[in-house]
Amino acid sequence: MTLTIYNTLTRQKEPFQTLEPGKVRMYCCGITVYDYCHLGHARTCIVWDVVRRYLEWRGYSVQYIQNFTDIDDKILNRAREEGTSMEDVSERFIKAYFEDMERLHVRQADAYPRATQTMDGIKRLVYELEQKGYAYPANGDVYFCVCRFHGYGKLSGRKLEDLQAGASGRVDLEDPEVAKKKYPFDFALWKAAKEGEPSWESPWGKGRPGWHIECSAMVRERLGETIDIHVGGSDLIFPHHENEIAQSEAVTGKPLAKYWLHNGMVKVGGEKMSKSLGNFITIRDLLDRPIDPMAVRLFILQAHYRKPVDFTDEALEAATNGWETLKEGLLFGHKYGKQLGWEDFTPVSHSLKQHETHKCRNQVPATASRFQEAVDDDFNFAGGLAVLFEIAKELRKEGNLLVHQGTTEIPADELETQWHILVELAAVLGFEARPEEESDRATDLTDEEIEALVQKRSEARKAKNWAKSDRLREELKERGITLIDQPGGVTNWHRN
RNA sequence: GGCGGCAUAGCCAAGUGGUAAGGCCGAGGACUGCAAAUCCUUUAUCCCCAGUUCGAAUCUGGGUGCCGCCUCCA
């Protein structure tokens, strides 16, 4: 089976082939650290986290880099408002970022380069662009000359003429920065220092880098001149990624990335969630409601990554309920493994036995291959989730049968296999259920005490003293015991 | 104005030529003193029009509606 992915660059699905066998070099445009992350950021991080996990599950060794933009007007503005420094602001929100991502169960990238730590690489790129005639200085700024780069617009499907036409009326010629440019669409590689702002020494005088150049420099420094996959939000296609391509390819003469992937936006009330519209909800606010992080992940993963997804309370509730179902399946082994006499009911952790699974692909059960078949088609996680739900629902049913009837329909060893597959596939999507969350709610009653109360209730029932029997049932319920009346007057019970 | 995308049940959402995955919500039934839990069953012809085809949600053309990008943006 072949993994096929949609490439923004070619606007079609292509079979995935790495530059180097078995290895994937992947770069994700991260965030500008001037505020807490919102659900839109969460989507980006979760989607590419899962892409990475999936590639690894498919047997690739993935090198995954994500940057932090820690030089920017917004950060400076915030620092000014607070009376603190740029470093102070960026450090704080980088810390917050990691806290949020940990809660969302997003795995850490292999490295998180920052603009302020990539200064040499940035200056080298600007210098080389200038040497090759793609850049020109203007009063301490340095601009990229868009007209000189012939591939400009290839990613976003724009022509220079269209851009110019579209810009008429938008470009403010009075703006001093615009006035320095030869063409309105030239963009800054380096900006001259302003009074009271952080700056770095450079051949063009004191200043700081433009936004786009840092990614070009980081990719080159960390992953090389051409990488396999470059990802980010679809709102970065133009101008950010277009400019990255221009800068990098003008210098190296090689493609910056083979595949360009972009995730769709999160919407609220039909509109894009964004800072400027003020319709955003931060990850921490959402999780503090509280919403289970896994429900958030499910909400994100149930939509195809390229499509926009609408955030509503209803959708969130559906995801929360859906996660409950999935969770019950994932906890099956912990709850019933012992009872079913499994030899080994510890779950395979997400760091995975899957490589071994790969070695015996011919034995991989049909469910796992259906999962792979779905996800191989441009990361159709929703399709893969359907497979997970199938298993989870079956396990839940078998677990219930065990509780209610004391026996399962499916043989124990088969259930064990199913469960292991479920746990493994769920981990590929980043889902994990922790058994301790469940056992914490244990009651203080001993089995004997419960039995005694159940017996008392049975007697009340026999005497048709419904008030008393209902009171006893209610009492036990409050103490975490669920009663199950069965035909023939037998009452089973279990701790919640 | 330019470029791109989307339109599938009450809601969310896969599917991209052979008569519609999955999730959520709901309905009916079994069981029960009632309930809870559980089990079983059940909910669409795919925005509109025309065309191609033996056959289209799926391809082509037209229309309508919505969204994104074109300025910082995940």
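Residue numbers begin at 1 in each chain, while the letters A, B, ... track the order of the sequences.
Spacing between A37(B) and C25(B) at atom P, rounded to whole Å, works out to 12 Å. C54(B) and U19(B) have their C1' atoms separated by 13 Å, with the value rounded to a whole Å. For C11(B) and C3(B), the C1' atoms lie 32 Å apart once the distance is rounded to whole Å. G23(B) sits 26 Å from A30(B) when the C1' atoms are compared, rounded to a whole Å. Between G63(B) and G26(B), the two C1' atoms lie 36 Å apart (nearest whole Å). Distance noted for atom C1' between C46(B) and G18(B): 16 Å (whole Å). The gap from the P atom of A14(B) to that of U53(B) amounts to 32 Å, rounded to the nearest Å. Distance noted for atom P between C48(B) and A56(B): 15 Å (whole Å).
When distances are taken from the side chain of N380(A) to each of G15(B), G33(B), G23(B), the shortest belongs to G15(B). Of the candidate nucleotides G22(B), C72(B), C11(B), C11(B) has the atom lying nearest to any side-chain atom of E314(A). Listed nucleotides C72(B), A74(B), A35(B) differ in distance to K74(A); the shortest reach to its side chain belongs to C72(B). Comparing atom distances between the K307(A) side chain and each of G15(B), C24(B), C6(B) picks out C6(B) as nearest. Distance from the side chain of D485(A) is smallest to C34(B) among C34(B), C70(B), C40(B). Closest contact between the side chain of F238(A) and the listed nucleotides G23(B), C69(B), C34(B) involves C69(B). Which of C39(B), A37(B), A74(B) sits closest to the side chain of L401(A) comes down to C39(B). Checking C25(B), C40(B), G33(B) against the side-chain heavy atoms of R457(A) singles out G33(B) as nearest. Residue R461(A) has its side chain nearest to U32(B) when only U38(B), C67(B), U32(B) are considered. For T325(A), the listed nucleotide lying nearest its side chain is C24(B); candidates were A74(B), C24(B), A14(B).
Protein atom CD of E271(A) is 15 Å distant from nucleotide atom C1' of C69(B), rounded to whole Å. A14(B) atom P lies 11 Å from atom CG of D378(A), rounded to whole Å.
Ring to ring, F381(A) and Y305(A) are not that close: their centroids are 6.0 angstrom or more apart. For F187(A) and H212(A), the distance between ring centers is under 6.0 angstrom.
Using a 5.5 Å limit on the distance between ring centres and a 30° limit on the angle between planes, the aromatic ring of F389(A) does not count as stacked on the six-membered base ring of G22(B).
The residues R208(A) and D73(A) are annotated as salt-bridged, a charged nitrogen and a carboxylate oxygen being separated by less than 4.0 angstrom.
One can find a donor-acceptor pair under 3.5 Å joining the base of C34(B) and the side-chain atoms of R473(A). Residue side chain S469(A) reaches the base of G33(B) through a donor-acceptor N/O pair under 3.5 Å, judged by distance alone. Contact annotation: side chain of N465(A) to base of G33(B), donor-acceptor pair absent below 3.5 Å.
Distances shown here put a side-chain N or O of H41(A) below 4.0 Å from the OP1 or OP2 atom of A74(B). Distances shown here put a side-chain N or O of K393(A) below 4.0 Å from the OP1 or OP2 atom of G23(B). Between N400(A) and A37(B) there is no side-chain polar atom (N or O) within less than 4.0 angstrom of OP1 or OP2. Regarding contacts with the backbone of C69(B), a side-chain N or O of K272(A) is found under 4.0 angstrom from either OP1 or OP2.
Judged by closest nucleotide on RNA chain B, G157(A) is the one of G157(A) and L236(A) placed further toward the 5' end.
Heavy-atom neighbours of E102(A) CD from other residues, nucleotides or ligands within 6.0 Å: at or below the threshold of 12.
Stacking of R396(A) on the aromatic ring of F332(A) is not recorded, the 6.0 Å distance cut-off and the 45° axial limit not both being met. Both tests pass for R158(A) against the ring of F238(A): distance under 6.0 Å to the centre and angle within 45° of the axis.
In secondary-structure terms, RNA chain B builds stems of at least 3 consecutive Watson-Crick or G-U pairs, each pair having both distances under 3.5 Å, at B:1-7 with B:64-70, B:10-12 with B:22-24, B:26-30 with B:38-42, B:47-51 with B:59-63.
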Check: Stepwise, does the side chain to side chain contact (heavy atoms under 4.5 Å, CB included) test hold for C215(A) with N67(A)?
Finding: CA-CA 7 Å; C215(A) 289; N67(A) 75 308; 3.9 Å; yes

